[in-house]
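Taking it in order: structure first as structure tokens, then the write-up.
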Amino acid sequence: MNRPLTTLHRTYTYTLIHLHLQTHTITTTTNTSWNTQLKELAKQGLYQQGLHLYRRMLRSGDSPNAFTFPFALKSSAALSLPLSGAQLHCHVLKTGCESEPFVQTALISMYCKCCLIDNARKLFDESPQSRLLTVCYNALISGYTFNSHFFNAIMLFCHMREVGVSVNAVTVLGLIPGCTIPMHLGFGMSVHCFTVSCGLDLDLSVANCLLTMYVRCGSIELARNLFDDMPERGLITWNAMISGYAQNGLATQVLDLYHEMVSSGTSPDPVSLVGVLSSCANLGAQRVGLEVERRIERSKFEFNTFLKNALINMYARCGNLVRARAIFDEMPEKNLVSWTAIIGGYGVHGQGETAVQLFEEMIKTGIRPDGAVFVSILSVCSHAGLTDKGLDFFSLMDRNYGMRPGPEHYSCVVDLLGRAGRLAEAQRLIESMPVEPDGAVWGALLGACKIYRNVKLAELAFDRVIKLEPKNIGYYVLMSNIYTEAGISQGVLRVRTIMRERKLKKDPGCSYVEYKGKTHLFVAGDRRHPQIGETYRMLDRLEVLVKELCGSKKHDQERRNEELISGMGVHSEKLAIAFGLLNTGVGTDIVVIKNLRICVDCHLFIKLVSKVVDRQFVVRDATRFHHFKDGTCSCNEYW
DNA sequence: GTAGGGTTAG
């Protein structure tokens, strides 16, 4: 754990060393059984007990020696206890063990883990060059990486090679985790080549480390190449690849890999299952989700909080809010993520008021919100039309929690104001942002311009957004549609030309509905479904109902909504199929029914569907799943 | 001396 450190703290550490040197006397008796016990505790990760044992050793009059310190120091390091570490440093000096290479290394590592990197460097520099072994370099390199001083880590690595100290696999393991952003990819790749060219054994841990590096640096393909080339794969290998796909939104690949993992005989652990569940949530693949839950019930990690959170998210996003809530309620210890998951769950089901209540309840419980839960609640407010409530929450961030909103929060607020038709305010907010607006911020404004048919402002937003995200096809389509609706054919042509010049092609948008284990898939204007006649009749009826709903005043909406649900009185399968025809467009949940310009929040539909059919459905935009490109739906086995 | 984890909008 990183801890903030003040100069005062650092001075205090040095003073403490000094005091101890003067007052503490250590006898010279050594007892090897203490060392054996200490080593065992450190090995098992029982660091608190380790330090306790060390103190008992001192009290009993026995003295630590060069074999004691590495384990005791490791415990202080693991628990990030700088004062206990400094105390140990005193004892090291008292017993004259400081020149022992493994004690020295352990001291360096301890200071690094306690975020006292300057102390670590001082020790390193004070040691004669000839005594510095690979292990010392490794400890400091990984310390720099751990403390986010990647540049220093690289410099030390270069220095190490210059002076001819041999590099080993652990050096690579200390250095590579510093590559965390796409800019670091080149360096990471060169270390990979170096590792191979040096004939260093590319053992499992080094390969896993490199694999994670490729994922973090944004190259999932290179990660997969390495994965495919690995002669041996461990649990961590599978997990690194699964999590890599999951974090990049490649949900179908996650499920494919998970099945491959299970059939290869590797038993998934909570880390793997969390990745799988999050992908099920993204795909609406409730069947796989259920299988995973059964596996969890049979396993020994039944009470794992990470898994419970992932299950809440999965059920909520797959349409089963009741089950999500049940899991949430049953959790003895809910953390911030549990709350975030259930709040977002109510949000996607259109139950904004409940989500807000939960958020407020969470605050009362004494849980300090983070950036993610604010993103969640702000988006809930914007979808539920709770504009002022959302603005209150936004101002709460700085006022109550001293949090600086990031671009992701600004994009939510722009969306919030935009959906409420307060476009000028949204624009002013962007202009006054203390952080640089990203594509999402301008994209939110562009989306709002679509709803309110503001071509002029849309042009401004579009101009900015394509500078920031030139490859995001969604924004081009959005702008093109805005022009179409306004009857500006020249504008449409201009956007299409830019798209052609930039070689951007939009896959046909499609939606799917899962009903009784069967998936019904539709592309825009699709008439191939056997029940298409009934479906369109159903749509006509929906159209009228939705029109009424949109025409009603805001405070009437909830009531009208209930009427709409009870007024349906139709067979749920037909309804589901009707919903399949709703093309959710591009990256927005504003839907257009047939060619009518009725813009409705998709979440409202999810709410309707979940009420009518007892939470068995998922209605989702399926554009990003290439399995669906050919218009068939049976090709994907996960639904 | 050392590799893997959940939540978020457009």
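Hydrogens, waters and symmetry mates are skipped; everything else that's a heavy atom, side chains included, is used. Lettering of chains follows the sequences in order, A, B, ..., and the numbering in each one begins at 1. For clarity, every value in this text was computed on a predicted model and none was experimentally measured.
Residue A/Arg317 has its side chain nearest to B/dT8 when only B/dT8, B/dG6, B/dG10 are considered. The side chain of A/Ser142 lies closest to B/dT2, out of B/dA9, B/dG5, B/dT2. Residue A/Asn239 places its side chain closer to B/dG4 than to any other of B/dG4, B/dT7, B/dT2. Nearest to the side-chain atoms of A/Thr212 among the listed nucleotides B/dA3, B/dT7, B/dG1 stands B/dA3. Among B/dT7, B/dG1, B/dG5, the nucleotide with an atom closest to any side-chain atom of A/Thr134 is B/dG1. Counting only heavy atoms from C-beta on, A/Asn138 has its side chain closest to B/dG1 among B/dG1, B/dT7, B/dG5. Closest to the side chain of A/Glu408, out of B/dT7, B/dA9, B/dG1, is B/dA9. Closest to the side chain of A/Ser205, from the set B/dT8, B/dG4, B/dA3, is B/dA3.
Crowding of A/Phe67 atom CZ: a count of heavy atoms from other residues, nucleotides or ligands under 6.0 Å not exceeding 12.
For A/Asn304 and B/dG4, the CG to C1' distance is 14 Å, given to the nearest whole Å. Straight-line distance from the CG atom of A/Leu173 to the P atom of B/dG4: 10 Å, rounded to whole Å. Atom CG in A/Leu257 sits roughly 17 Å away from atom P in B/dG4 (whole-Å rounding). Protein atom CG of A/Asp415 is 7 Å distant from nucleotide atom C1' of B/dG10, rounded to whole Å. If you measure from atom CH2 of A/Trp238 to atom C1' of B/dG4, you get 14 Å, rounded to the nearest angstrom. Taking atom CD1 of residue A/Ile473 and atom P of nucleotide B/dG10, one finds them 18 Å apart after rounding to whole Å. In this structure, A/Asp370 atom CG and B/dG6 atom P are separated by 14 Å, rounded to whole Å. A/Asn147 places its CG atom 16 Å from the C1' atom of B/dT2, with the value rounded to the nearest Å.
Near-neighbour residues of DNA chain B inside residues 153-161 of chain A, defined by a heavy atom below 4.0 Å, are absent.
Residue pairs meeting the salt bridge (charged side-chain N to carboxylate O under 4.0 Å, His left out) criterion with at least one member in residues 328-347 of chain A, sequence neighbours excluded, are A/Arg325-A/Asp329.
When all heavy atoms are compared, the tightest approach of A/Val215 to A/Ala223 is CG2-CB, 3.8 Å.
A/Phe194 meets the ring-ring contact (aromatic ring centres under 6.0 Å, His included) test with A/Phe157; sequence neighbours excluded. Evaluation of the ring-ring contact (aromatic ring centres under 6.0 Å, His included) rule for A/Phe374 yields A/Phe359 as partners, not counting sequence neighbours. Residues forming a ring-ring contact (aromatic ring centres under 6.0 Å, His included) with A/His184 (at least two apart in sequence, or on another chain): A/Phe150. Not counting sequence neighbours, A/Glu361 has no partner by the side-chain hydrogen bond (donor to acceptor under 3.5 Å, both in side chains) test.
Between the side chain of A/Asn472 and the base of B/dG10 there is no donor-acceptor pair of N/O atoms closer than 3.5 Å. For B/dG1, the base has a donor-acceptor partner in the side chain of A/Asn168 [N/O atoms by modelled type, under 3.5 angstrom].
The side-chain ring of A/Tyr137 is not stacked on the base of B/dG1, judged by centre separation under 5.5 angstrom and plane angle under 30 degrees.
No side-chain donor-acceptor contact under 3.5 Å links A/Arg404 to the backbone of A/Val435.
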